[in-house]
Amino acid sequence: MKILVINGPNLNLLGLREPQYYGSETYADLCEKIHAHAQKTGVEVAFFQSNHEGAIVDEIQAAYRVYDAIVINPAAYTHTSIAILDAFKSVKIPAVEVHISDLSKRESFRQFSYLRDYCLAVIIGHGTDGYCEAMDLLRERLG
Ligand code: CA2
C-alpha cells in the first residue's frame, strides 16, 4: 500500500514555536517517525509539505493512480480551502485528516474544516502520533 503524507503551511517550522500546542518535534522528526512506522507496518510512504494552496492542489491531482491513500494535515487551509476539498473530490483518493493540536480547545475559527466530510476519519489532538494512527486506519480499511 502506498500512502502520501501531505502537510500544509508552516508545518515545516514544527518544533520552533508554540510547543504547548504542537510539542517539540521538528518536521524532520515527524517524517522520521512516520517513515519508521510505515516500515514496521509494511507501508510505502512519501512526504509532501508546502506553504502554497495551489501546490497542494497540484500534488493531490498528481497522486491520482499513484497513491492508494493520503494522510493530510492541511494546517490553516483546513479552515479556508474549498480548492483542496475539490481536488480530493476530483481524484477520489481515500484520505484521513490529521491535526496535531486539540482544535476543540482553540479559537472558534479553527472549529470548521472544509475537508472533514470528505475524509474517512479526522484525528485531532493526538500530537504527531495522529499521523501513524491515520496510516493504521487506512491500512485496516483499505489494506
Ligand atoms: O493542529 C494542527 O495540526 C493544525 O492543523 C496546525 C495549523 C493550524 O493552522 C490548524 O488550525 C491546526 C498550524 C500549523 C503551524 O505549524 C507550526 C507549528 C509549530 C511551530 C511552527 C509552525
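Side-chain atoms are counted along with the backbone in the values below, which use heavy atoms only and exclude waters and symmetry mates.
Membership of the apolar cluster around Leu16 extends to Leu13, as traced through chained side-chain contacts below 4.5 Å between ILVMFWY residues. With a 4.5 Å cut-off between side-chain heavy atoms of Ile, Leu, Val, Met, Phe, Trp and Tyr, the cluster of Leu103 takes in Val122, Ile124.
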Distance-only donor-acceptor hits, side chain of residues 52-65, under 3.5 Å, sequence neighbours excluded:
unit_1: Glu53; atom_1: OE2; unit_2: Ser81; atom_2: OG; d: 2.5

Identify every side-chain donor-acceptor pair in residues 37-44 under 3.5 Å, counting partners at least two apart or on other chains, and give the distances.
unit_1: His37; atom_1: NE2; unit_2: Asp136; atom_2: OD1; d: 2.7
unit_1: His37; atom_1: NE2; unit_2: Asp136; atom_2: OD2; d: 3.3
unit_1: Thr41; atom_1: OG1; unit_2: His37; atom_2: O; d: 2.8
unit_1: Thr41; atom_1: OG1; unit_2: Ala38; atom_2: O; d: 3.4

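When the salt bridge (charged side-chain N to carboxylate O under 4.0 Å, His left out) test is applied to Arg110, the partners found at least two apart in sequence or on another chain are Glu107. Under the rule for a salt bridge (charged side-chain N to carboxylate O under 4.0 Å, His left out), Lys89 has no partner lying at least two apart in sequence or in another chain. Legend: residues meeting side chain to side chain contact (heavy atoms under 4.5 Å, CB included) with Arg141, ordered by chain and number and at least two apart, are Leu120, Leu137. Legend: residues meeting side-chain hydrogen bond (donor to acceptor under 3.5 Å, both in side chains) with Ser108, ordered by chain and number and at least two apart, are absent. The side chain to side chain contact (heavy atoms under 4.5 Å, CB included) search around Ala46 returns Leu4, Tyr67, not counting sequence neighbours.
Hydrophobic clustering, with ILVMFWY side chains joined whenever heavy atoms are under 4.5 angstrom apart, groups Leu30 together with Val45. Put simply, Ile6 and Leu142 are part of two different groups of oily side chains (I, L, V, M, F, W, Y) that touch within less than 4.5 Å, one to the next. Tracing side-chain contacts under 4.5 Å through hydrophobic residues (I, L, V, M, F, W, Y), one reaches Val71 starting from Leu11; they form part of the same cluster. The hydrophobic clustering, which links ILVMFWY residues whose side-chain heavy atoms are closer than 4.5 Å, places Val5 and Ile72 apart. Both Met135 and Val96 are part of a single hydrophobic cluster, where members link through side-chain heavy atoms under 4.5 Å apart.
Legend: salt bridge (Lys or Arg N to Asp or Glu O under 4.0 Å) pairs involving residues 14-30, not counting sequence neighbours, sorted by first then second residue: Glu25-Lys33. Sorted by first and then second residue, the ring pair (Phe, Tyr, Trp, His ring centres under 6.0 Å) pairs involving residues 82-137 (not counting sequence neighbours) are Phe88-Tyr118, Phe112-Tyr114. Each ring pair (Phe, Tyr, Trp, His ring centres under 6.0 Å) pair with one or both residues in residues 13-35, not counting sequence neighbours, would appear here, but there are none.
Between Asn73 and Ile100 there is a side-chain heavy-atom pair separated by less than 4.5 Å. In this structure, Thr78 and Arg116 have side chains that are not in contact, with every pair of non-hydrogen atoms separated by 4.5 Å or more.
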Kindly indicate, with the supporting measurements, whether the criterion side-chain contact (heavy atoms from CB on, under 4.5 Å) is fulfilled by Met1 and Ile3.
-> CA-CA 7 Å; Met1 176 173 209; Ile3 296 181; 4.2 Å; yes
Test side-chain contact (heavy atoms from CB on, under 4.5 Å) applied to Val91 and Ile70, step by step | CA-CA 11 Å; Val91 298; Ile70 293 177; 5.7 Å; no
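Here the CG atom belonging to Asp129 is positioned 10.5 Å from the CD1 atom belonging to Ile123, to the nearest 0.5 angstrom. Here Leu14 contributes atom CG and Asn7 contributes atom CG; the two are 8.0 Å apart, rounded to the nearest 0.5 Å.
Glu97 and Ser113 form a side-chain donor-acceptor contact under 3.5 Å, judged by distance and modelled atom types alone.
In terms of heavy atoms, Ala75 sits closest to Gly8 at CB-C, 3.9 Å.
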